[in-house]
**Student:** 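Before I ask anything, here is the structure I am working with.
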There are 2 protein chains.
Amino acid sequence: MTCAADYAPQLRARGYRMTPQRMTILHVLHHSGKHLSPVDIYEQARKELHGITETTVYRTLEFLAENGLVRSAHMGNGHLVYEIARHEHHHIKCRNCGSEMEVDHALLAKLYRQLESASGYRLTDSHVTFFGLCPDCQKGE
Amino acid sequence: MTCAADYAPQLRARGYRMTPQRMTILHVLHHSGKHLSPVDIYEQARKELHGITETTVYRTLEFLAENGLVRSAHMGNGHLVYEIARHEHHHIKCRNCGSEMEVDHALLAKLYRQLESASGYRLTDSHVTFFGLCPDCQKGE
DNA sequence: TTCCTTATTGCAACTTTTTGCAATAGCATA
DNA sequence: TATGCTATTGCAAAAAGTTGCAATAAGGAA
Ligand SMILES: [Mn+2]
Ligand SMILES: [Mn+2]
Ligand SMILES: [Zn+2]
Ligand SMILES: [Zn+2]
């Protein structure tokens with residue numbers, strides 16, 4: 001759980017607090033490494049921290065995402081999933097079989113710059129999901 | 001409501017049926033022109049078609065999206081919104097004040113081709129939301 | 001027009017996510 | 001180490017979204 005404690009200074013610097021609930025949720029995400037749903041996270045977290053509630057899990061995930069410690073993604077079923085914030089990347093997902101692959105942010109860097117200069121917005125999030133058909137599923141159409 | 005009836009052949013060609021519920025929902029989306037939540041759509045639709053249920057609205061929206069008559073989008077709060085499928089476009093939204101702007105798909109066309117050749121996937125959906133800070137909100141940081 | 005197949009709907013029960021509020025507990029300060 | 005401010009949590013109730021199943025009705029065929 002020391003991995004999670006490392007985040008404390010980041011939070012304190014912004015006037016927030018590190019709590020057992022936040023530690024636990026960060027710990028779960030850190031060691032999973034993959035996208036997890038709030039319910040997945042709740043199930044794991046309650047093993048490590050008896051008494052944690054679903055409400056807190058939802059609120060904490062939103063909080064951690066706002067503060068850049070985790071990233072959320074829509075993987076097509078209309079539900080959000082979360083992962084610890086590591087390298088910047090995006091996803092491509094097959095509408096048919098659900099297979100996914102990662103796309104490095106470098107591939108989108110130029111587009112991001114174009115969008116920024118065209119719109120005046122500064123883009124802050126880099127975790128987009130593109131949908132399509134994987135090579136296999138393209139055959140059987 | 002004739003606008004909605006125009007969609008009937010598209011559905012029948014695929015073995016589906018046009019129903020009062022589908023007509024009404026298409027009618028609502030067609031005349032709104034903007035992104036609407038399922039609840040918004042339900043509230044409007046029930047004025048035009050007494051007795052329509054929320055269940056049907058959710059199922060119909062998913063059905064229409066699968067068949068390309070409407071598009072769904074995640075606008076950041078974790079909830080889906082829907083709109084009638086017109087020109088291909090994307091969105092940029094401000095994380096701070098919520099302001100949005102549209103981005104023509106032409107701006108992403110090259111990226112889409114790159115992603116397709118790099119991944120082997122054929123990208124089918126073009127309705128992505130990018131998040132950032134609008135010009136105004138960049139000042140007050 | 002009538003009949004028949006089966007796609008579609010409504011209902012009810014259930015799961016997931018959100019919200020207001022009072023109680024709790026980080027952590028900065030002394 | 002003790003104190004106080006207020007960020008954070010848990011609880012309970014509500015809102016949003018999903019699912020199984022029996023009843024209904026669209027629309028092709030006769
Ligand atoms: Mn990811
Ligand atoms: Mn749109
Ligand atoms: Zn596939
Ligand atoms: Zn803004």
Side-chain angles (χ1 to χ4, degrees), chain A residues 1 4-26 28 35-46 48-67 69-70 72-82, chain B residues 1 4-26 28 35-46 48-67 69-70 72-82:
Chain A
M1 199 107 123
D6 292 344
Y7 292 111
Q10 265 186 83
L11 294 182
R12 297 214 186 94
R14 299 186 183 215
Y16 300 121
R17 300 170 183 175
M18 180 53 83
T19 67
Q21 291 84 351
R22 286 175 183 173
M23 291 263 280
T24 305
I25 290 168
L26 283 166
V28 166
H35 292 163
L36 293 176
S37 74
V39 175
D40 293 338
I41 296 164
Y42 170 67
E43 294 301 345
Q44 304 233 23
R46 67 189 307 197
E48 299 183 21
L49 184 67
H50 174 76
I52 191 173
T53 62
E54 287 178 283
T55 304
T56 295
V57 171
Y58 282 105
R59 275 198 286 229
T60 299
L61 290 170
E62 193 178 345
F63 167 84
L64 294 173
E66 269 172 7
N67 287 281
L69 306 197
V70 310
S72 64
H74 295 283
M75 297 306 294
N77 44 82
H79 292 226
L80 281 175
V81 292
Y82 292 85
Chain B
M1 201 104 126
D6 292 345
Y7 292 111
Q10 265 184 84
L11 294 182
R12 299 216 184 93
R14 300 187 183 215
Y16 300 121
R17 299 170 183 174
M18 180 53 82
T19 67
Q21 291 84 351
R22 288 176 181 171
M23 291 264 278
T24 304
I25 290 168
L26 284 166
V28 166
H35 293 162
L36 293 176
S37 73
V39 175
D40 292 338
I41 295 164
Y42 169 67
E43 294 301 344
Q44 305 234 19
R46 66 189 306 198
E48 300 183 21
L49 183 67
H50 174 77
I52 191 173
T53 63
E54 286 179 279
T55 303
T56 296
V57 171
Y58 283 106
R59 274 198 287 229
T60 300
L61 289 170
E62 193 179 344
F63 167 84
L64 294 173
E66 268 171 8
N67 288 281
L69 305 198
V70 310
S72 64
H74 294 283
M75 296 306 294
N77 45 83
H79 294 227
L80 281 175
V81 291
Y82 293 84

**Student:** Tell me the closest heavy-atom pair linking B:Ile52 and B:Tyr42, and the distance in Å.
**Tutor:** O-CE1, 3.4 Å
**Student:** Please confirm whether any donor atom in the side chain of A:Arg59 sits under 3.5 Å from an acceptor in the base of D:dG10, or the reverse.
**Tutor:** yes
**Student:** Nearest whole Å is fine: how far is D:dT18 C1' from B:Leu61 CG?
**Tutor:** 14 Å
**Student:** Side-chain contact, heavy-atom cut-off 4.5 Å: B:Met18 with B:Leu26?
**Tutor:** yes
**Student:** Which of these passes side chain to side chain contact (heavy atoms under 4.5 Å, CB included) with B:Val57: B:Leu61, B:Thr60, B:Thr53?
**Tutor:** B:Leu61
**Student:** B:Ile52 has an atom CD1; how far is it from atom C1' of C:dT9, in whole Å?
**Tutor:** 10 Å
**Student:** Does the Lys NZ or Arg CZ of A:Arg22 fall within the cation-pi geometry relative to A:Phe63 - under 6.0 Å from the ring centre and within 45° of the axis?
**Tutor:** yes
**Student:** For C:dT9, does either OP1 or OP2 sit under 4.0 Å from a side-chain N or O belonging to B:Thr56?
**Tutor:** no
**Student:** Tell me: CG of A:Asp40 to P of C:dT17, nearest whole Å?
**Tutor:** 10 Å
**Student:** How close or far is atom P of D:dT8 from atom CG of A:Leu64, stated in whole angstroms?
**Tutor:** 10 Å
**Student:** Between P on C:dA25 and CG on A:Leu49, what's the gap in Å once rounded to a whole number?
**Tutor:** 12 Å
**Student:** Would you say that B:Ile25 contacts B:Val70 through its side chain, given a criterion of any heavy-atom pair below 4.5 Å between the two side chains?
**Tutor:** no
**Student:** Is the phosphate of D:dA15, meaning OP1 or OP2, less than 4.0 Å from a side-chain N or O of B:His79?
**Tutor:** no
**Student:** Look at the side-chain N and O atoms of A:Gln21 and state whether any lies under 4.0 Å from the OP1 or OP2 oxygen of D:dG10.
**Tutor:** yes
**Student:** Consider the side chain of A:Thr55, meaning its heavy atoms from C-beta on, and name the nucleotide among D:dT9, C:dA12, C:dT19 that approaches it most closely.
**Tutor:** C:dT19
**Student:** In whole angstroms, how far is the C1' atom of D:dA16 from the OH atom of B:Tyr58?
**Tutor:** 5 Å
**Student:** When we call it a touch if two heavy atoms are under 4.0 Å apart, what does B:Gly78 touch: a base, just sugar-phosphate, or nothing?
**Tutor:** nothing
**Student:** Tell me which of B:Gly15 and B:Thr53 sits closer to the 5' end of DNA chain C, going by the nucleotide each one is nearest to.
**Tutor:** B:Gly15
**Student:** Which comes earlier along DNA chain D counting from the 5' end, the contact point of B:Leu80 or that of B:Tyr16, where each point is its nearest nucleotide?
**Tutor:** B:Leu80
**Student:** Figure out the CZ/P separation between A:Arg14 and C:dC27, and round it to whole Å.
**Tutor:** 16 Å
**Student:** Here's a test of your reading of the structure: between B:Glu54 and A:Thr19, which maps to the more 5' nucleotide of DNA chain D?
**Tutor:** A:Thr19
**Student:** Taking any heavy-atom pair under 4.0 Å as a contact, classify B:Arg12: base, sugar-phosphate, or nothing.
**Tutor:** sugar-phosphate
**Student:** Could you check how far CD of A:Glu43 sits from C1' of C:dT16, rounded to whole Å?
**Tutor:** 13 Å
**Student:** Any donor-acceptor pair under 3.5 Å joining the side chain of B:Arg17 to the base of D:dG28?
**Tutor:** no
